[in-house]
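First the proteins, then the strands, lettered A, B, ... as listed; each starts at 1.
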Amino acid sequence: MSDTPYRYTAELAGSIEVAWQDRWEERGTFRAPNPAGPWADPEGVSEHPNGHLLVLDMFPYPSGAGLHVGHPLGYIATDVYARFNRMLGRNVLHCLGYDAFGLPAEQYAVQTGQHPRKTTEENIAIMARQLRRLGLGHDDRRAIRTIDPDYYRWTQWIFLQIFNSWYDHDAPNDVGGTGRARPIAELVEEYRSGARPLPADDGRGWEDLSHVERAEILDARRLVQSVEAQVNWCPGLGTVLANEEVTNEGRSDRGNFPVFKRNLRQWVMRITEYADRLADDLDRVEWPEKVKTMQRNWIGRSQGAHVTFPLAASGTATTTGATEAAAGSVGATSDASASATPGIEVFTTRPDTLFGATFMVLAPEHPLLATLVPDAWPEGTRDAWTGGAATPADAVEAYRAAAAAKTDVERQAEGKAKTGVFTGGFAVNPVNGARVPVFVADYVLMGYGTGAIMAVPAQDERDWDFATAYELPIVRTVQPPAGHDEDTAYTGDGPAVNSANDEVSLDGLGVAEAKERIVAWLEERGAGRGAVTYKLRDWLFARQRYWGEPFPVVFDEDGIAYGVPEDQLPVELPDVPDYSPKVYDPEDADSEPEPPLARDADWVAVEMDLGDGRGPRTFRRDTNVMPQWAGSCWYYLRYLDPANAEAMVDPDNESYWMGPRDTPVGGAPEGTRDPGGVDLYVGGVEHAVLHLLYARFWHKVLHDLGHLSSDEPFRTYFAQGYIQAAAYRDDRDQPVEASEVEEGPDGTFTWQGQPVTREFGKIGKSLKNMVSPDDMYAAYGADTFRLYEMGLGPLEQSKPWDTRAVVGSQRFLQRLWRNVVDEETGELRVVDTPLDDATARVLHRTVDAVRTDFTELGFNTAIARLIELNNALTKLETGVPRAAVEPVVLMVAPLAPHIAEELWARLGHAESLAHAAFPVADPALLVEETVTCVIQIRGKVRDRIEVPGDITEDDLEELALMRPKVLEATPDGVRTVIVRAPRLVNVVPA
RNA sequence: GCGCAAGUGGCGGAACUGGCAGACGCGCCAGGUUUAGGUCCUGGUGCCUUCGGGUGUGCGGGUUCGAGUCCCGCCUUGCGCACCA
């Protein structure tokens with residue numbers, strides 16, 4: 001029998017923790033009152049005069065492997081912050097649900113032959129147990145799951161809202177600009193009334209159109225469209241993917257399978273309509289600059305101009321005069337298809353350099369190539385331009401085939417070496433009438449701009465490289481500064497040169513002015529116009545998989561798509577016998593997507609009354625499912641009102657929790673209207689352009705349609721670092737089980753007797769370095785684990801896991817416990833004597849520092865201060881005063897809530913401390929009575945003296961100059977004395 | 001290649017506007033408790049040192065009475081972008 005039965009061991013910690021978790025659940029301690037909706041509790045809301053706070057973690061995916069010690073890092077951090085704010089009197093909403101649709105669950109289910117619903121629900125149960133054991137103060141009523149029909153009913157509802165909307169670029173929005181989503185019904189009304197002209201100006205009105213014609217007009221405007229487009233087809237996953245889901249290496253971010261470009265008809269969400277607002281509104285949220293930059297880069301907005309280069313008559317490869325350009329937009333050719341073509345439209349960000357455009361380049365996929373190519377090489381064609389082919393058609397075809405066969409990886413492997421062939425065609429530079437040869441080259445991409453460029457070698461490095469490789473002329477139109485290398489392009493600012501025709505001259509102008517002038521000239525001439533392009537593509541939204549939300553869309557016999565009426569939602573995911581997607585050889589680029597739902601003929605054919613007055617009819621269901629991002633695009637809204645059967649969220653609940661704040665975030669532009677949104681959103685940076693961009697898009701649509709008062713989902717986003725763990729590899733570079741590796745005294749590592757090398761990496765199966773929180777609960781308890789993770793270092797940093805070091809946090813809690821409870825008797829040890837002055841000052845300085853640290857998420861330094869304070873109390877010889885230990889318990893509570901609750905209760909408090917007031921520092925006690933003043937000679941510390949904290953500069957200087965060491969060091973007198981009372985005096989000898 | 005972060009003891013990391021570098025924790029060392037090991041407790045712990053002191057925040061310069069902190073030039077690591085016209 002131990003003689004310390006009341007010691008704070010892992011066993012005791014465990015029993016305390018589980019008991020408090022039960023109590024919290026029974027009492028509903030963390031249930032946050034809502035102002036409205038089915039749980040309306042206005043009284044509960046009014047009990048929180050210090051306002052409200054919405055703190056959220058990124059939506060977790062319940063993986064089959066359970067949690068590892070890296071996962072809870074952010075959950076603990078938000079919990080500490082939430083608990084702290086609760087103690088400040090705020091109404092705090094913190095909860096967590098499950099993002100449970102998606103590929104991994106489906107793949108796991110296929111592997112194990114079980115239904116994905118079964119495996120997903122099992123995984124959720126495991127995760128829920130692990131999370132509960134952590135002691136997170138979540139509102140347990142709000143643990144929503146995306147796979148529940150009551151949830152995805154609203155996912156489908158939102159889809160229909162977007163489907164039934166169009167983007168009106170001219171409509172004023174509420175942030176002072178124009179452009180917002182409007183219901184498609186309003187567009188119909190404008191067409192019907194004639195307020196908006198119909199696209200086809202054939203004299204017929206809306207009522208005269210067939211329903212197929214009307215559908216075509218509307219479908220072209222919807223924010224969800226079915227388009228025939230080049231998509232990312234991933235045979236290994238059997239589905240198409242969004243651009244955001246394809247890695248730089250041209251592989252799927254899930255599973256790392258090859259991805260191929262295919263032309264297929266697919267659903268897209270028109271996120272590009274929001275490109276400007278998505279870019280601009282980043283200024284109004286408080287996010288890491290890094291993440292904002294990533295989103296801006298992804299959106300890739302660039303300002304420039306579209307310029308049309310008329311096609312020139314085929315002929316000799318020599319430059320002719322300016323007459324043709326003046327003649328008009330089309331080069332004089334007899335070829336019918338060419339005359340139908342106005343010319344080659346390019347996008348350029350440097351219209352000021354137009355006079356230096358000496359050739360053009362089309363992407364290999366450019367449609368104009370077919371009509372551009374003449375029968376024979378024009379006279380004067382250089383050998384190097386032909387690619388060795390007998391005719392331009394052969395050369396272009398060979399080049400196109402070669403480019404098409406190359407994967408992105410191969411293109412990348414070739415680096416920046418420029419290849420291409422002459423098309424045999426010419427175009428006319430609209431500013432000077434120069435005949436410029438047109439090339440095809442794969443350094444121009446079909447997916448950006450117009451898929452064609454004007455090449456200005458003197459001011460563009462890529463064009464320079466191409467021009468030198470193919471001996472094309474280079475004309476400088478921006479004067480490089482003196483000393484600029486004559487053999488490179490100059491891309492900087494400078495005065496324009498060689499840039500004048502009979503009507504306009506740019507010579508001498510800087511880049512910005514030159515752009516302005518030439519764009520004005522182009523617009524006047526109808527040869528071009530100012531333009532903005534984006535790298536952002538529309539969001540490919542359909543997946544040919546099973547485990548996702550079905551599309552609430554049906555088609556009639558004409559192939560027209562209809563949204564399923566709201567009152568018939570949800571469209572439930574049918575329980576099909578064969579849910580495996582049709583997957584192919586990952587390299588089989590020519591395979592076709594085949595959704596599992598398409599196999600269920602009974603489900604696909606449906607009789608339905610759309611409520612359009614035509615009665616019940618037979619329709620064909622859409623057999624796609626939504627991507628995993630769908631459920632995670634709006635879950636934070638459902639948290640606010642998860643039981644609401646009438647709306648996705650009651651508007652009053654949304655505006656209470658997420659509505660715009662009175663003052664904008666720091667760094668927002670002057671006069672900004674606050675966008676509202678989640679007050680603190682914590683999660684990994686890997687979702688910087690996926691989830692965070694998609695959610696912003698949906699949120700803005702819902703805001704435009706009047707469903708939300710906030711116009712950004714996440715007002716403040718904090719990107720947490722990762723916990724990494726040691727992993728070890730053997731001599732074949734294969735990871736070995738990290739838990740079985742032994743460290744030798746010389747610092748080397750061995751596994752089963754063989755030497756292994758160490759690295760630090762992501763925790764997980766692939767590196768065999770899994771550490772489960774369950775092991776930590778068993779060995780130390782949840783409070784120790786929480787404290788360890790928070791004490792490791794700054795939250796935004798990635799840090800290595802070290803199980804051996806966890807004991808330090810346990811020791812702290814043991815000392816705290818021992819300051820209150822006698823380990824042998826279990827009796828209370830605190831004394832009721834008043835605090836001595838020194839202890840009171842340490843206490844209040846700690847309160848002040850911890851408050852600041854908690855507010856700024858500086859948990860590691862807060863913990864250090866609390867340890868110092870507790871160590872100071874431990875050393876008091878007259879016992880630990882209650883007046884000191886109670887504030888310590890309250891301050892520890894957000895970090896280690898179970899032990900704090902237990903000590904609080906043992907100290908005689910009947911109420912949970914979850915809503916107790918956080919200690920407040922007395923300003924009078926923040927200043928130290930005496931401080932150590934450092935005396936420096938020429939900046940080097942030479943002496944120290946104890947002085948009163950409020951000593952004047954003059955007194956301190958006098959004191960310092962009398963010190964023997966100072967006198968000794970200044971035999972020739974003193975030149976300067978710098979005094980920073982009360983901490984420092986620096987004496988500079990003469 | 002371009003852009004952005006970050007480099008501090010054996011390790012994770014502290015250090016407000018330039019003002020005692022290394023808080024706190026791990027590890028290590030010594031002592032105590034214990035039958036022993038472990039736990040736990042107390043003290044010490046940047047490096048060098050002739051014990052006076054010297055030296056020290058990736059490297060080299062600079063500004064300053066004073067630099068981890070500011071400026072210039074490098075190096076390394078991490079992240080992002082990568083023919084985006």
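Here B/G80 is the nucleotide among B/G80, B/A23, B/C65 with the atom lying nearest to any side-chain atom of A/Met294. Comparing B/G54, B/G19, B/C20 against the side chain of A/Arg944 picks out B/C20 as the nearest. For A/Lys535, the side-chain atoms get nearest to B/C81 when compared with the rest of B/C83, B/C81, B/C65. Checking B/A23, B/G19, B/C20 against the side-chain heavy atoms of A/Glu868 singles out B/A23 as nearest.
At the heavy-atom level, A/Thr9 lies nowhere under 4.0 Å from the strands shown. Counting any heavy atom pair closer than 4.0 Å across all strands shown, A/Asn871 reaches sugar-phosphate atoms only and no base atom. Nucleic acid contact for A/Thr348: sugar-phosphate only, since backbone atoms but no base atoms lie under 4.0 Å from a heavy atom of the residue.
Between the side chain of A/Asp352 and the main chain of A/Ala514, no donor-acceptor pair closer than 3.5 Å is present. Here the side chain of A/Gln459 pairs a donor or acceptor atom with the backbone of A/Val478 at under 3.5 angstrom. For A/Arg786 (side chain) and A/Pro894 (main-chain N/O), a donor-acceptor pair under 3.5 Å exists by modelled atom type. Listed for the A/His844 side chain is no donor-acceptor partner under 3.5 Å among the backbone atoms of A/Val927. A donor-acceptor contact shorter than 3.5 Å links the side chain of A/Tyr399 to the backbone of A/Asp442. Side chain of A/Gln295 to main chain of A/Ala688: a donor-acceptor pair is present (N/O by atom type, distance under 3.5 Å, no hydrogens or angles). Remark: the backbone N or O of A/Gly420 is paired with a side-chain donor or acceptor of A/Tyr470 at under 3.5 angstrom. Counting only distance, with no hydrogens or angles, the side chain of A/Lys799 and the backbone of A/Glu789 share no donor-acceptor pair below 3.5 Å. Without hydrogens or angle criteria, A/Arg296 side chain to A/Leu282 main chain gives no donor-acceptor distance under 3.5 Å.
Comparing A/Gly451 and A/Ile863 by the nucleotide of RNA chain B that holds the closest heavy atom to each, the one mapping nearer the 5' end is A/Ile863. If you find the closest nucleotide of RNA chain B to A/Arg942 and to A/Met454, the one lying nearer the 5' end belongs to A/Arg942.
Counted by atom type alone, A/Asn769 and A/Tyr728 present zero donor-acceptor pairs between their side chains at under 3.5 Å.
Atom CG in A/Leu956 sits about 18 Å away from atom P in B/G19, given to the nearest Å. We find that CG of A/Asp465 is positioned 19 Å from P of B/A82, with the value rounded to whole Å. Put simply, CZ on A/Phe347 is 7 Å from P on B/A85, counting in whole angstrom units. Rounded to a whole Å, the CD1 atom of A/Ile867 is 6 Å from the C1' atom of B/G25. We find that OH of A/Tyr448 is positioned 14 Å from C1' of B/C81, with the value rounded to whole Å. Summarising the geometry, the separation between CZ on A/Arg980 and P on B/G19 is reported as 11 Å, rounded to the nearest angstrom. Rounded to a whole Å, the CD1 atom of A/Ile937 is 16 Å from the C1' atom of B/G53. In this structure, A/Lys292 places its NZ atom 17 Å from C1' of B/G80, rounding to the nearest Å.
Scanning both residues, A/Ile763 and A/Val771, for their nearest heavy atoms gives CG2-N, 4.0 Å. Between A/Val291 and A/Val685, the shortest heavy-atom contact is CG2-CG2, 3.6 Å.
Within 3.5 Å, no donor on the side chain of A/Lys290 pairs with an acceptor on the base of B/C79, nor the reverse. No N or O donor and acceptor, one from the side chain of A/Arg983 and one from the base of B/G19, sit under 3.5 Å apart.
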Nucleotides 26-51 of chain B: protein proximity per nucleotide (B base, S sugar-phosphate only, - neither; heavy atom, under 4.0 Å): SS------------SS-S--------
Which atoms of nucleotides 14-18 of chain B (N or O only) lie under 3.5 Å from a protein N or O atom, and what are those distances?
residue	atom	partner	partner atom	Å
B/A14	OP1	A/Asn860	ND2	3.3

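With its glycosidic angle within 90° of 0, B/G9 adopts the syn conformation. With its glycosidic angle more than 90° from 0, B/G32 is assigned anti.
Rounded to a whole angstrom, the distance from the P atom of B/G27 to that of B/C11 is 15 Å. Separation of the P atoms belonging to B/A5 and B/C71 is 12 Å when rounded to the nearest angstrom. With both ends at atom P, the span from B/G58 to B/A6 equals 13 Å, rounded to whole Å. Of the P atoms belonging to B/C20 and B/U57, the separation is 15 Å, rounded to the nearest Å. Spacing of P atoms, B/G25 relative to B/C41, comes out at 11 Å, to the nearest Å. A distance of about 31 Å separates the P atoms of B/C81 and B/G9, rounded to the whole Å. Straight-line distance between the P atoms of B/G38 and B/U45: roughly 24 Å, to the nearest whole Å. Remark: the separation of the P atoms in B/G13 and B/U8 is 9 Å, to the nearest Å.
Within 6.0 Å of CD in A/Glu953 there are more than 12 heavy atoms belonging to other residues, nucleotides or ligands.
Consecutive pairing runs in RNA chain B reach the stem threshold at B:1-7 with B:75-81, B:10-12 with B:24-26, B:27-32 with B:40-45, B:46-48 with B:53-55, B:58-62 with B:70-74, where a stem means at least three Watson-Crick or G-U wobble pairs with distances under 3.5 Å.
By the 30° and 60° cut-offs, the orientation of the rings of A/Trp287 relative to A/Tyr717 is perpendicular.
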